[in-house]
Amino acid sequence: VGAFRAEGLFISLQEPSLYTVKAILILDNDGDRLFAKYYDDTYPSVKEQKAFEKNIFNKTHRTDSEIALLEGLTVVYKSSIDLYFYVIGSSYENELMLMAVLNCLFDSLSQMLRKNVEKRALLENMEGLFLAVDEIVDGGVILESDPQQVVHRVALRGEDVPLTEQTVSQVLQSAKEQIKWSLLR
């Protein structure tokens, strides 16, 4: 990591890094947080995160563009009905990489929610959102950008839920199936 001056321009050299994504946010049409995952300590407290989210929403919710530079960060974003999706990276990050993450997240959710990407449907399927985000980015490192793969892996992980995380109705349904098969033998 270094810096040098060339013909009056200050150029900063950054080490390449796999840690591409600093945060993924989903806000509602009032700018309130529905989902936020920060991958570094740029905004260490919830108070700082909420202030950043309000700022980002105020700067982006009335525009048609897809990229913003804000507080030294590159922000790519997209809106759908009553949701705003944001993927944030450092100022020197490749916008196309960040956009690939954003599009993968949006397209994965679109498939999982049967093209009904809006607040109510998202809130009813938060577990799928958490699983999808974990399949796309881990610790700021991009793992997957193919929505088909993400949806497939989320479906597999959803089927493999440990007994402690299953709902009572799932446990009862499983017990009914086992009793039914034991009676039919």
Side-chain angles (χ1 to χ4, degrees), residues 16-29 32-40 42 49 53 56-57 60 65-68 73-90 93-181:
S17 172
L18 290 174
Y19 298 95
T20 307
V21 179
K22 289 188 168 285
I24 295 176
L25 309 172
I26 301 175
L27 307 178
D28 67 12
N29 56 359
D32 295 323
R33 176 193 289 190
L34 296 176
F35 175 86
K37 188 147 189 180
Y38 289 83
Y39 296 102
D40 69 4
T42 303
Q49 292 173 1
E53 291 162 17
I56 204 170
F57 179 76
T60 60
S65 60
E66 297 176 332
I67 299 175
L73 299 169
T74 301
V75 179
V76 295
Y77 58 96
K78 171 185 280 203
S79 65
S80 171
I81 305 171
D82 56 356
L83 298 173
Y84 291 84
F85 295 81
Y86 299 91
V87 174
I88 294 122
S90 65
E93 204 53 69
N94 183 331
E95 295 91 355
L96 294 175
M97 295 289 286
L98 298 175
M99 193 58 82
V101 171
L102 178 66
N103 289 332
C104 181
L105 174 62
F106 185 84
D107 294 345
S108 298
L109 288 174
S110 183
Q111 288 179 40
M112 290 163 48
L113 300 175
R114 294 177 186 85
K115 305 215 182 295
N116 189 23
V117 184
E118 50 92 25
K119 183 177 177 178
R120 189 180 57 75
L122 185 72
L123 289 174
E124 291 173 357
N125 294 284
M126 288 300 278
E127 181 181 341
L129 167 64
F130 284 106
L131 291 172
V133 169
D134 287 348
E135 288 294 333
I136 298 167
V137 177
D138 182 27
V141 177
I142 300 171
L143 299 178
E144 185 61 70
S145 61
D146 179 1
Q148 302 289 351
Q149 289 295 318
V150 172
V151 171
H152 177 70
R153 289 189 192 134
V154 166
L156 288 177
R157 285 175 65 180
E159 292 169 5
D160 196 29
V161 178
L163 188 60
T164 57
E165 295 180 19
Q166 290 182 1
T167 64
V168 173
S169 62
Q170 288 173 317
V171 171
L172 289 174
Q173 186 60 38
S174 176
K176 285 181 189 175
E177 290 292 319
Q178 289 177 356
I179 291 169
K180 181 173 78 175
W181 285 110

Output every pair passing ring pair (Phe, Tyr, Trp, His ring centres under 6.0 Å) with a member in residues 113-153, not counting sequence neighbours, ordered by first then second residue.
-> Phe35-Phe130

Check for a donor-acceptor pair, side chain of Ser110 on one end and backbone N or O of Phe106 on the other, with a separation under 3.5 Å.
-> no

One should read off an interatomic distance between Asn103 CG and Leu98 CG, to the nearest 0.5 angstrom, of 11.0 Å

How would you list, by chain and number, every residue that makes a side chain to side chain contact (heavy atoms under 4.5 Å, CB included) with [X], sequence neighbours excluded?
X	result
Arg33	Leu27, Ala36, Tyr38, Gln49, Lys50, Glu53
Gln148	Gln111, Asp146
Asp82	Asn29, Glu118, Lys119
Ser79	Tyr84

Non-hydrogen atoms of Ser90 and Leu73 that approach each other most closely = CA-CD2, 4.2 Å

The complete set of side-chain hydrogen bond (donor to acceptor under 3.5 Å, both in side chains) pairs with one or both residues in residues 128-140, sequence neighbours excluded, reads Lys37-Asp134, Glu135-Arg157

Do Arg153 and Glu144 sit within salt-bridge range, that is, some charged N less than 4.0 Å from a carboxylate O?
-> yes

Step through the shown structure and confirm whether more than 12 heavy atoms of other residues, nucleotides or ligands are within 6.0 Å of CE on Met99.
-> yes

The single option from Thr60, Val76, Ile24 passing side chain to side chain contact (heavy atoms under 4.5 Å, CB included) against Tyr86 = Thr60

